[in-house]
Chemist: 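Before I ask anything, let me first share the structure, which is written out below as structure tokens.
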Amino acid sequence: MGKRKRASNGAPGNRKRQAAKDDETEGGDGLDVRKLKNEVIEKGIERMENIQTLLKAMSPESLELGQMRILIHALRESFAALEDHFECAQNAAGVIDSEEALVMTWLVARRNTYLEALSNYVLREDSALSKLALAVLLTCAARWNLFHAAMQGIVEYILTDTDLEEEDSVINHLGGYLREFDDVRLSVLNLVESFCKRYRKGSRNDEERVASRCLRLLDFVKMPKSVDEPVQLLQNKHKFAFREKAENLGGKSSYYKQERKAFGECWLNVLSMKLPDESVDRVLSDLPEEVIPNMPEPIRLSDFLLSAYNRGGISAVVSLESLWILINVHGLDYPLFYEKLYGVLSPDLFLTRDRQKFMTLVPKFLSSGYIPVYLVAAFLKRLLRRALWAPPQGALWCMRVALELIQRHPSVVVLVHNPETRAQRVVVNFSLPTTPAEEQIHGTQLSEDVFDDDTVDPKKSNADRSSLWELEALKHHYCPAVARLYHSFEKDSRSKKAPKDFTLPGIIEDYASISFADLFEAELRRKAKECPLAYAAPQRVLDTSNLVQW
């Protein structure tokens, strides 16, 4: 038997290859796209009328995605073949003769028409067509240095269109380029900044929605951490060795400095708009790590942070972290910071959504050794007063932070064991004397605490004249873990060792993440040394008074 012959032209494999070849050359209405494109590439401006023919073929709405892809790439390659003529039109406008100037003007107009058509296709509901048009649009804009003109319509559409959803394909497609390419990122940041400036001068309709769209675009912006990171430009996808070498054409500052400046101005203009309530808390959470380190002048955020604090609630809690960074790193002069922090320590702190993050930050805020004594005393009193009403895990955190303050500031140890105000420590004992006779039996006279817990000014709280009698109540707390932590205060204040030699019970950051379930499981695993079987010690083997009389 002879060898089997290959499939003829009618075989399935050849039919697919032939169909692909036909699709590559046919762009609708039987138009030979490849032939028109090749003529422009080979003969240049002699066959520039082919560009007009291809542009007309892009207009019908009935074209399929495959045909549209062929036309878009054909026009891109045709204009790329005539790039030298565009450069002549830009660099020698006053030298070339009038006839050639008319030709160049005609080519520039056709090029702008092509970019406008691509922008319209980017905004189509067809996700595949939108992605293709955006890729070609950005590539052409990068090659021709027309980012601003090409992207302005798309950015304004994203920011203003009422029917666009937050997760629309246009936003996600553009977001991919924002993450990867520095020139796209720089252009979009400048466009968003200029739009916000113009918008604030206008009617400002739907301001919250527009601000939310701006923040959605900014979510995709990932700034370089240092000048040594390589810069990637969409123009020819050219990578420079170092960011400091990628200087703008004709400019003295590097791409790194330009991006930081554009990033900072964009954020400042967006934050000057009215933000939705749910966006404020998200922005405040992103500022410390994503925004402040990448801004050239982050102190300009202080007005927004103070207004966020005045909103109260969780916004006030989260805004303190950014204020702390501005004070300690960037030299913000804000003497009222500790008063703001003191006011945030309210009874409902342990019920907020972001309490764990705030509870992690408070020890950092109070870590300075230069805090005045009256301020340390005020925070001690407020923390332990909150421990009385907080859930067990909150009480443990308050006591652990108070213990840290006592070790860091030995001068306030006297408040733990203050003989002059000793009577105050019995006031909230769980076995309180309620009658004068019982007070006489206990050998003490109850007095009123001079500490004012209602004031928001630590200076007026009189904490330095009080004592930490709350510890006596916490000693009898219903949660065994809280009662055991009391002994750390007792040992620290009464032992002869210096506070620096005292070993603190556990890492303070761990106390911020303790839950009630953790406490419950820890108590179940704990081995008890003694297990009482009666609430009172028996006096005889058999107590006849408790026997049932038959």
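What you are looking at is a predicted structure, and each value in this text was computed from that prediction instead of being measured.
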Chemist: I514 vs Y511, test: side chain to side chain contact (heavy atoms under 4.5 Å, CB included). Steps then yes/no.
Modeler: CA-CA 5 Å; I514 295 177; Y511 282 76; 4.1 Å; yes
Chemist: Give every donor-acceptor pair under 3.5 Å between a side-chain atom in residues 364-376 and any protein atom, sequence neighbours left out.
Modeler:
{"unit_1": "S367", "atom_1": "OG", "unit_2": "K364", "atom_2": "O", "d": "2.7"}
{"unit_1": "S368", "atom_1": "OG", "unit_2": "Y370", "atom_2": "N", "d": "3.2"}

Chemist: Please give me the minimum heavy-atom distance between W469 and R385, naming the atom from each residue.
Modeler: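 W469 and R385 have their closest heavy atoms at CZ2-NH2, 3.6 Å.
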Chemist: Is it true that K225 and E229 make a salt bridge, defined as a side-chain N closer than 4.0 Å to a carboxylate O?
Modeler: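 Answer for the salt bridge query: no.
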Chemist: Please list, chain by chain and in numerical order, all residues satisfying side-chain hydrogen bond (donor to acceptor under 3.5 Å, both in side chains) with D454, sequence neighbours excluded.
Modeler: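 Partners of D454 under the side-chain hydrogen bond (donor to acceptor under 3.5 Å, both in side chains) test: none.
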Chemist: Taking only residues two or more places apart in sequence or in another chain, which ones pass ring pair (Phe, Tyr, Trp, His ring centres under 6.0 Å) with F379?
Modeler: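 For F379 the ring pair (Phe, Tyr, Trp, His ring centres under 6.0 Å) partners, ignoring immediate neighbours, are Y342.
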Chemist: Mind listing the side-chain donor-acceptor pairs of residues 268-279 below 3.5 Å, one per line with the distance, residues two or more places apart or on another chain?
Modeler:
{"unit_1": "N269", "atom_1": "OD1", "unit_2": "R200", "atom_2": "NH1", "d": "3.0"}
{"unit_1": "N269", "atom_1": "OD1", "unit_2": "R200", "atom_2": "NH2", "d": "3.4"}
{"unit_1": "N269", "atom_1": "ND2", "unit_2": "E265", "atom_2": "O", "d": "2.6"}
{"unit_1": "S272", "atom_1": "OG", "unit_2": "R200", "atom_2": "NH1", "d": "3.1"}
{"unit_1": "S272", "atom_1": "OG", "unit_2": "N269", "atom_2": "O", "d": "2.6"}
{"unit_1": "D277", "atom_1": "OD1", "unit_2": "R311", "atom_2": "NH2", "d": "3.3"}

Chemist: Identify whether the distance between the nearest side-chain nitrogen and carboxylate oxygen of E156 and R198 falls below 4.0 Å.
Modeler: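 A salt bridge links E156 with R198.
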Chemist: Side-chain contact, heavy-atom cut-off 4.5 Å: K460 with D452?
Modeler: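 No, every pair of side-chain atoms sits at 4.5 Å or beyond.
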Chemist: With distance as the sole criterion, is a donor-acceptor pair present between the side chains of D348 and S346 under 3.5 Å?
Modeler: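 Yes, because at least one side-chain N or O of D348 sits under 3.5 Å from a partner of the opposite role on S346.
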Chemist: Tell me if the CD atom of E289 is crowded by more than 12 foreign heavy atoms within 6.0 Å.
Modeler: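 No, the 6.0 Å shell around CD holds no more than 12 heavy atoms from other groups.
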Chemist: List for me each residue that meets salt bridge (charged side-chain N to carboxylate O under 4.0 Å, His left out) alongside K197, sequence neighbours excluded, and say none if there are none.
Modeler: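 K197 satisfies salt bridge (charged side-chain N to carboxylate O under 4.0 Å, His left out) with E193 only.
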Chemist: Under a 4.5 Å cut-off applied to non-hydrogen side-chain atoms, are Y486 and H476 in contact?
Modeler: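 Not touching, per the 4.5 Å side-chain cut-off.
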Chemist: Sequence neighbours left out, cut at 3.5 Å: what donor-acceptor pairs do the side chains of residues 315-331 make with other protein atoms?
Modeler:
{"unit_1": "S315", "atom_1": "OG", "unit_2": "D281", "atom_2": "OD1", "d": "2.6"}
{"unit_1": "S319", "atom_1": "OG", "unit_2": "S315", "atom_2": "O", "d": "3.2"}
{"unit_1": "S319", "atom_1": "OG", "unit_2": "A316", "atom_2": "O", "d": "3.0"}
{"unit_1": "E321", "atom_1": "OE1", "unit_2": "K357", "atom_2": "NZ", "d": "3.4"}
{"unit_1": "N328", "atom_1": "ND2", "unit_2": "W324", "atom_2": "O", "d": "2.9"}

Chemist: Should D219 and R282 be marked as a salt bridge (Lys or Arg N to Asp or Glu O under 4.0 Å) after you check the CA-CA gap, both sets of side-chain angles, and the distance that decides it?
Modeler: CA-CA 11 Å; D219 287 340; R282 180 169 59 88; 3.2 Å; yes
Chemist: Between D449 and K381 (salt bridge meaning N to carboxylate O under 4.0 Å), is one present in this structure?
Modeler: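 Counted as a salt bridge, because a side-chain N and a carboxylate O are separated by less than 4.0 Å.
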